[in-house]
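The structure presented is a predicted model; accordingly, all values stated were derived computationally and were not measured. Numbers for residues simply follow the sequence, beginning at 1. Atoms within each ligand, like the ligands themselves, are counted from 1 in listed order.
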Amino acid sequence: MDQLSMKKQAAQAALKYVKADTIVGVGSGSTVNCFIDALGSMKGQIKGAVAASKESERRLRELGIDVFDANEVSGLDVYIDGADEITPQGYMIKGGGAALTREKIVSSLAKKFICIVDKSKQVDVLGSTFALPVEVIPMARSYVARQLVALGGSPEYREGVVTDNGNIILDVYNFKIIEPLKMEHTINNIAGVVTNGIFAQRFANVTIVGTPEGAKIIE
Ligand code: 5RP
C-alpha cells in the first residue's frame, strides 16, 4: 500500500472523534488535507473549524465549512493533525510544513489531540529521522543558531521559507531528543525563538496510524 493511501486511512478513521455541533481544530499538511476532504461529508453536522494554516483554511472554506478565528473560541473538543515523527508516548516533531506555531496554538485550545500518521512516522526517539524545525524572529537567526549548536544540534536555515507569521525556520539536524519536554522548554527559552517543533507539553492523546493492515488506534 502506498503512503498516500495510508494517510487517507488514518484521516478517515479520525472522523469518529468529531462530535456533532462542535468546532473542530484542524492542523496542516498532506495527511490533514485528506482529513479535510473526509470532513466534507460531515459539514452539515459541525459548527465549523479553526485552522492552523492559511492553506487548511482555504481548503475548509472551499468545501463550505465555516472557519473561525482562534480568538473567537474559548476551547475545542478535538484537534486533528499530522506529525513528522511520533513516539509510542505520543510525543511529536511537527513543522515540516512550517506551520508549527499556529499548530501549537490551536492544539493548545483542544481537550484532545488526535494525531493522524502513516506508519513511516513512528519512531522510538524524536530526531531519529527528521530535523527539528524551530521558528525564529528573523533578526535573531544567527544568535539562535549558535545557541542550538551549543545544545549539540546542527541548524540549517530553510531557504526561501517565510512562515504565516512572517518568521524564518531553522531545521536542526543531528539532534537525538531523549527528554522531549525538557528540550522543548530549553529551546523555547532562547531569545528570538517563537516556538520549536517538539510537541511534548501538548502531546497526542490518540494516535491513528495508517498501515497496510488498516488504521490502528493507539489511545
Ligand atoms: C506541518 C506539520 C505536518 O503535520 C507534518 O509536517 C506532517 O505532514 P504530512 O501530513 O504532509 O506528512 O507539522 O507544519
Side-chain angles (χ1 to χ4, degrees), residues 1-15 17 24-39 49-60 70 78-87 90-108 110 112-123 126-136 156 158 160-173 175 177 180 184 187-188 193-211 215:
M1 178 180 272
D2 63 31
Q3 199 178 16
L4 182 62
S5 306
M6 289 190 272
K7 289 180 181 198
K8 281 185 182 162
Q9 239 180 21
Q12 189 68 35
L15 285 184
Y17 291 92
V24 186
V26 176
S28 72
S30 58
T31 317
V32 164
N33 291 346
C34 300
F35 174 72
I36 293 173
D37 291 343
L39 191 63
V50 175
S53 73
K54 290 181 181 167
E55 174 60 13
S56 294
E57 179 172 346
R58 189 190 64 73
R59 285 173 180 264
L60 286 159
V78 289
Y79 174 78
I80 318 268
D81 200 356
D84 299 301
E85 287 187 344
I86 185 158
T87 70
Y91 297 139
M92 296 162 279
I93 284 185
K94 294 184 42 55
L100 60 165
T101 299
R102 291 185 182 207
E103 289 171 345
K104 224 171 244 196
I105 295 166
V106 183
S107 62
S108 296
K112 269 191 177 179
F113 189 134
I114 316 293
C115 183
I116 48 176
V117 288
D118 65 83
K119 69 183 183 111
S120 72
K121 309 293 184 67
Q122 291 181 293
V123 296
L126 293 181
S128 302
T129 61
F130 204 83
L132 174 68
V134 182
E135 179 165 351
V136 176
E156 279 183 24
R158 204 185 288 183
V161 170
V162 177
T163 69
D164 282 352
N165 315 306
N167 298 312
I168 61 120
I169 297 286
L170 294 175
D171 289 306
V172 190
Y173 291 84
F175 234 7
I177 301 161
E184 180 178 4
I187 296 174
N188 280 348
V193 168
V194 178
T195 199
N196 72 84
I198 302 174
F199 280 60
Q201 187 168 315
R202 173 73 280 205
F203 59 89
N205 305 93
V206 177
T207 307
I208 306 179
V209 190
T211 78

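Among protein residues, Lys7, Ser28, Gly29, Ser30, Thr31, Asp81, Gly82, Ala83, Asp84, Lys94, Gly95, Gly96, Gly97, Ala98, Ala99, Glu103, Lys121 come within 4.0 Å of ligand 1, judged on heavy atoms.
Within the 3.5 Å criterion, the main-chain N or O of Thr211 finds a donor-acceptor partner in the side chain of Gln9. Remark: the backbone N or O of Thr129 is paired with a side-chain donor or acceptor of Glu85 at under 3.5 angstrom.
Listed by chain and number, the residues in a ring-ring contact (aromatic ring centres under 6.0 Å, His included) with Phe175 amount to none (sequence neighbours excluded). For Phe199, there are no ring-ring contact (aromatic ring centres under 6.0 Å, His included) partners, not counting sequence neighbours.
Judged as a salt bridge (charged side-chain N to carboxylate O under 4.0 Å, His left out), the pairs with a partner in residues 92-102 (not counting sequence neighbours) are, in order, Asp81-Lys94, Lys94-Glu103.
For the atom pair Ile36 CD1 and Leu60 CG, the distance stands at 4.0 Å (nearest 0.5 Å).
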